[in-house]
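Only one structure is covered here, and it is reproduced in the block below.
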Amino acid sequence: MNKAPIYRFAVKCFVFLSILMPLAAHAAPDVQKIYGEHCVSCHGSDRLGGIGPALLPENLARLRRPEAFKTIAEGRNASQMLGFSDKLSKDEIQVLVDFIYQPLAKAPVWGADEIITSHLQHVPSGSLPGKPVFEADPLNLFVVVEVGDHHATILDGDKFEPIYRFQTRFALHGGPKFSPDGRFVYFASRDGWISKFDIYNLKMVAEVRAGINTRNLAVSGDGKTVLVGNYLPHSLVLLDAEDLTLIKVIPAQDKNGISSRISAVYQAEPRGSFVAALKDVKEVWEISYTSKDFPIRRIQVEDYLDDFFFDQSYRHLIGATRGGQKGQVIDLDSGRKVAEIDLPGMPHLGSGITWEYQGRPVMATPNLKEPVVSVIDMNTWQTVKQIKTLGPGFFMRSHENTPYAWTDGFNSSNPASRDAMHIIDKNTLEVVRILRPAPGKTAAHVEFTRDGKYALVSIWENDGALVIYDAATLKEIKRLPMNKPSGKYNVYNKITRSEGTSH
Ligand code: DHE
């Protein structure tokens with residue numbers, strides 16, 4: 001048999017493959033596959049966001065491509081975003097970066113029509129009795145958010161016994177907010193659902209989807225209106241607090257029409273207003289909720305301010321840019337900047353608290369990048385002290401009736417700091433004790449009972465717990481198993497705007 005043709009064919013195949021194989025090795029990475037494997041679970045199959053933010057060009061305006069590359073490679077400080085440099089090559093990261101800056105074929109829409117259609121009225125408004133169906137003190141209840149399996153627990157704050165546990169929307173974020181009498185609690189989920197729950201009757205009352213990618217909500221001091229801030233679309237949404245029906249959608253645009261994400265909304269009861277942080281433009285908005293048309297006052301600021309804290313009177317707003325070195329103090333009456341604060345370690349102002357130190361008011365905030373708590377004199381706006389901790393913290397709490405402020409090491413990459421709870425003496429500004437409620441497990445977020453006698457700490461794990469301490473002796477008195485309890489919120493401390501808790 002003549003083997004020459006077979007031989008010639010084999011040689012041709014070899015030449016053909018040796019040309020193609022290197023080409024195949026350099027074929028562009030399959031971005032859909034990479035995104036599907038590594039990004040979908042947090043950012044959604046359509047890039048509209050989930051636990052993580054939406055990844056669309058309109059939401060990445062302030063993030064330059066090299067920074068996006070760095071975020072994918074190294075992770076994002078102060079968030080659940082891990083680095084992928086050990087799993088993905090540089091080419092693979094680069095195609096992901098290119099991918100997230102491409103617009104969607106069909107721009108996502110979530111306007112008045114979509115909001116109205118999504119509305120769910122579970123119980124007719126005003127149909128439930130105005131008396132609690134349980135014996136516990138309704139003002140000393142805690143709402144505990146368990147993000148592990150998307151539930152919330154209503155906890156008796158005297159007996160430390162759960163009264164009721166119910167399913168929430170997926171991935172709640174930010175503190176739930178209460179009606180002024182403490183009867184109703186409002187939740188916001190990262191994917192835009194706003195839920196109103198009747199604590200007295202232990203029933204969900206109404207729900208509405210106010211956005212695609214939402215930041216948080218605020219309830220007006222008169223209890224009549226809810227304001228929701230969205231990353232996507234770029235909007236604020238006003239709802240009737242009674243039944244969550246839509247009042248109006250406010251597009252978030254500066255005076256030149258440049259559109260912006262909303263990074264957070266707050267209510268300033270002494271001013272009768274809401275205050276909104278705009279992430280992509282240099283404006284802060286104050287929206288009066290006592291006027292029928294909800295007029296917007298635009299305050300021009302020198303820098304982007306996306307994280308806020310207020311003094312107890314709500315005259316001053318302390319704002320910072322995530323990643324910036326300085327905080328700015330804005331006098332809300334004059335709309336002017338009155339001071340700059342030294343805040344070098346990426347403060348987490350949302351966790352700030354205040355107290356009286358040597359006869360003057362001070363504010364304290366953990367820093368997300370530095371293992372220090374900054375203490376600032378609120379008369380002079382000078383730093384009084386930077387208190388060293390074992391690792392950067394996320395949350396901080398105290399109460400009028402305790403000499404201690406508690407802060408965690410939640411934002412530390414070192415497990416030996418993540419399980420630590422620092423007890424700071426508010427009079428000496430020293431760390432006087434370090435508690436480790438569950439060695440090796442993350443300890444985070446504290447809230448006090450209404451009298452300040454007990455402090456509740458989260459073990460932030462799926463097989464986690466709520467650990468209750470005597471706030472004076474610092475001894476553990478009880479431990480309740482819970483599924484990744486994130487925040488816990490005491491009704492009385494919230495509705496009275498205790499100086500030791502978030503508002
Ligand atoms: Fe939060 C509150 C912003 C990441 C858990 N978080 C807030 C508030 C803001 C904010 C502006 C105050 C609003 C409010 O309570 O109404 N958080 C941000 C971010 O920008 C950041 C760094 C990035 C992001 O992904 O949005 C961020 N936050 C996280 C987390 O990764 C946490 C630890 C887990 C999670 O659930 O997503 C987290 N944030 C919380 C909690 C509160 C909160 C539990 C309420 C604290 C309180 O005691 O009031």
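In listed order, ligands and their atoms are each counted from 1.
Those atoms of ligand 1 that come under 4.0 Å of a heavy atom in R215, given as number and element, are 3 (C), 18 (C), 19 (C), 20 (O), 24 (C), 26 (O). Close contacts of ligand 1 with H445, meaning ligand atoms under 4.0 Å from a residue heavy atom, involve 46 (C), 47 (C), 48 (O). Those atoms of ligand 1 that come under 4.0 Å of a heavy atom in F410, given as number and element, are 33 (C). Contact atoms of ligand 1 toward A264: 11 (C) (distance under 4.0 Å to a heavy atom of the residue).
Of the listed residues (P53, C42, A444, G174), the one carrying the non-hydrogen atom nearest atom 42 (C) of ligand 1 is G174. Between atom 36 (O) of ligand 1 and the options L172, T501, L217, the minimum heavy-atom separation is to L172. Considering K177, H173, K279 only, the shortest heavy-atom separation from atom 14 (C) of ligand 1 involves K177.
The distance criterion of under 3.5 Å between nitrogen or oxygen atoms is met by S502 with respect to ligand 1. Polar contact with ligand 1: present for R190 (N/O pair, distance under 3.5 Å). The shortest N or O to N or O distance between K494 and ligand 1 is not under 3.5 Å.
Because its NZ or CZ atom is not both nearer than 6.0 Å to the ring centre of F187 and within 45° of the ring axis, R169 does not count as a cation-pi partner of that residue. The cationic atom of K196 (NZ for Lys, CZ for Arg) lies less than 6.0 Å from the six-membered ring centre of F184 and within 45° of the ring axis. Because its NZ or CZ atom is not both nearer than 6.0 Å to the ring centre of Y357 and within 45° of the ring axis, K426 does not count as a cation-pi partner of that residue.
Looking at residues two or more places apart in sequence or on another chain, you find a side-chain hydrogen bond (donor to acceptor under 3.5 Å, both in side chains) between D198 and R183, N201.
Using bins of under 30°, 30° to 60° and over 60° for the plane-to-plane angle, the ring pair F394/H348 lands in the tilted bin.
Note on residues 35-61: pairs passing ring pair (Phe, Tyr, Trp, His ring centres under 6.0 Å), not counting sequence neighbours, are Y35-F99, H38-F84.
At a 4.0 Å cut-off, not a single heavy atom of G350 sits close enough to ligand 1 to count as contact. R397 counts as a contact of ligand 1, since one of its heavy atoms falls under 4.0 Å from the ligand. Between F308 and ligand 1 there is no heavy-atom distance shorter than 4.0 Å.
When only modelled atom types and interatomic distance are considered, S288 and T290 share a side-chain donor-acceptor pair under 3.5 Å.
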I'd like to know whether W406 forms a side-chain contact (heavy atoms from CB on, under 4.5 Å) with I424, so could you lay out the CA-CA distance, the side-chain angles of the two residues, the decisive distance to 0.1 Å, and finally the verdict.
CA-CA 6 Å; W406 298 45; I424 295 168; over 6 Å; no
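For W381 and H316, the ring centers are positioned less than 6.0 Å apart.
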